[in-house]
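The chains referred to below are lettered A, B, ... by the order of the sequence lines, with proteins before strands, and numbering in each begins at 1.
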2 protein chains.
Amino acid sequence: MRVITDARDQMIRSAATLIRERGVEGTSFSDVLAHSGAPRGSIYHHFPRGKAQLVEEATRYAGEVVAKGLARALDGDDPGAALRAFIATWEAVLRGSDFEAGCSVVAATLEGDRSPAAREQAAAAFARWEELYAGALQRRGVVTDRARSLATLAVAAIEGAVVLARAQRSAEPLRRVARELEELTLTAVTPTTPPSGGP
Amino acid sequence: MRVITDARDQMIRSAATLIRERGVEGTSFSDVLAHSGAPRGSIYHHFPRGKAQLVEEATRYAGEVVAKGLARALDGDDPGAALRAFIATWEAVLRGSDFEAGCSVVAATLEGDRSPAAREQAAAAFARWEELYAGALQRRGVVTDRARSLATLAVAAIEGAVVLARAQRSAEPLRRVARELEELTLTAVTPTTPPSGGP
DNA sequence: GTCTATACGAAGATAGAC
DNA sequence: GTCTATCTTCGTATAGAC
């Protein structure tokens, strides 16, 4: 059994954190070492393929963390609550960093032209998030195609809102997107029954 | 009167194009010179503050190009049509680059922690796009607050969809987001009148 | 496994000739 | 204005000692 807080995992976590703030190109090995406290000589021992490998694993890790949070929030089978929890997480990230940090998976996508493997990890992460949310909508009676569209909209809009929030240094974009997505979800899972004639 | 295709403007355009593909950190002066054909000795003549200044102007330029396209599409006062035109533009960018290019303004936001001025340009661009779209919705009878929320959702979702599309190398995210946004817009501008009793 | 030292290249920025 | 040459810094990656 392996302890999950060994040096290697700590480096991956540090890399994910720094990539979130500075991007892939803006994060050097020295930065990761300083942040993680890992010894310099152990980089190529743990990551033989160098930075490309570290970025890949950091992207995969970041994707999994979000997926786990999303899955937990979806336990209650209430898509609206999951949406709120998901958005609240991002708002915490933004506020906790004074709007300096965003999503590592987005960063890996944008700067992943030099390492296709990192971009593939990013693609897998987005697909997983969409799948989780679409599944919850389907369990609440939304048909497959619509559930997929809504899930893609939710993931895209939230990730986009995080970008807008960073640029404008305000949580307002995230709140507006949250409001619209919640109402849309509510409408989708609630069959449009004409108002009955009262009691 | 100044010709708009002089060396300086060409460098700005090249920078915007390259940033869209490789990000800010991934775009060097040498890249911009090779792409624009500008002479090496003229960099610090045209941009005394160096790369930071070039990135700022490229971000501003990219924001204006999109804003102009959006304003043109909104001429007809049909928000749905504008939405389609806006999305079609991004789909063309993605397909034309084999999903290697995205939005320079997003790139400037993510890597703009080293140059606050570039991020401010990005924030201004996003705000302008939102404002344009919200204005069109208001002219179609949507109340201010709702128009703002819908506009933020649209900008965030489309920018997010461009990121997803790059990662997954597919235009599908953009198409799904387009479908949902169009329906949402249609619902918002069409007052929910209960069906009248016939002709 | 981890260390120090270093190779090697590329980046941004500057200086001085033309 | 534009050129070439160069300075300085910093990045990844490697080599060899412990």
Residues forming a side-chain hydrogen bond (donor to acceptor under 3.5 Å, both in side chains) with R146(A), sequence neighbours excluded: E180(B)

By salt bridge (charged side-chain N to carboxylate O under 4.0 Å, His left out) - contacts of R175(B) (at least two apart): E91(B), E172(B)

Strictly below 4.0 Å, N to O, side chains only: are R128(B) and E64(B) in salt-bridge contact? no

Please list all pairs meeting side-chain hydrogen bond (donor to acceptor under 3.5 Å, both in side chains) that have one or both residues in residues 154-170 of chain B, counting only residues at least two apart or in different chains. E130(A)-Q168(B), D98(B)-R169(B), E100(B)-R169(B)

Give me the residues of residues 43-51 of chain B where at least one heavy atom lies under 4.0 Å from an atom of DNA chain C, by number, or none. Y44(B), G50(B), K51(B)

Co-members of V55(B) in a cluster of I, L, V, M, F, W and Y side chains, linked at under 4.5 Å: I19(B), V24(B)

Partner residues of E120(B) under the side-chain hydrogen bond (donor to acceptor under 3.5 Å, both in side chains) criterion, sequence neighbours left out: none

Linking Ile, Leu, Val, Met, Phe, Trp and Tyr through side-chain heavy atoms less than 4.5 Å apart, which residues share a cluster with F29(A)? M11(A), I12(A), L18(A), V32(A), L33(A), I43(A), Y44(A), F47(A), L54(A), Y61(A), V65(A)

How would you list, by chain and number, every residue that makes a salt bridge (charged side-chain N to carboxylate O under 4.0 Å, His left out) with E56(B), sequence neighbours excluded? R49(B)

Restricting to side-chain hydrogen bond (donor to acceptor under 3.5 Å, both in side chains), what partner residues turn up for R148(A), sequence neighbours left out? none

Taken in chain and number order and not counting sequence neighbours, the residues that satisfy side-chain hydrogen bond (donor to acceptor under 3.5 Å, both in side chains) with S28(A) are D31(A)

For DNA chain D, which residues of residues 27-34 of chain A approach it to below 4.0 angstrom with any heavy atom? T27(A), S28(A), F29(A)

For atom CD of Q53(B) and atom P of dA13(C), their distance in whole Å: 11 Å

Set out, line by line, the N/O atom pairs under 3.5 Å between protein and nucleotides 4-7 of chain D.
none

Between atom CE in M11(B) and atom P in dG1(D), what is the gap in whole Å? 15 Å

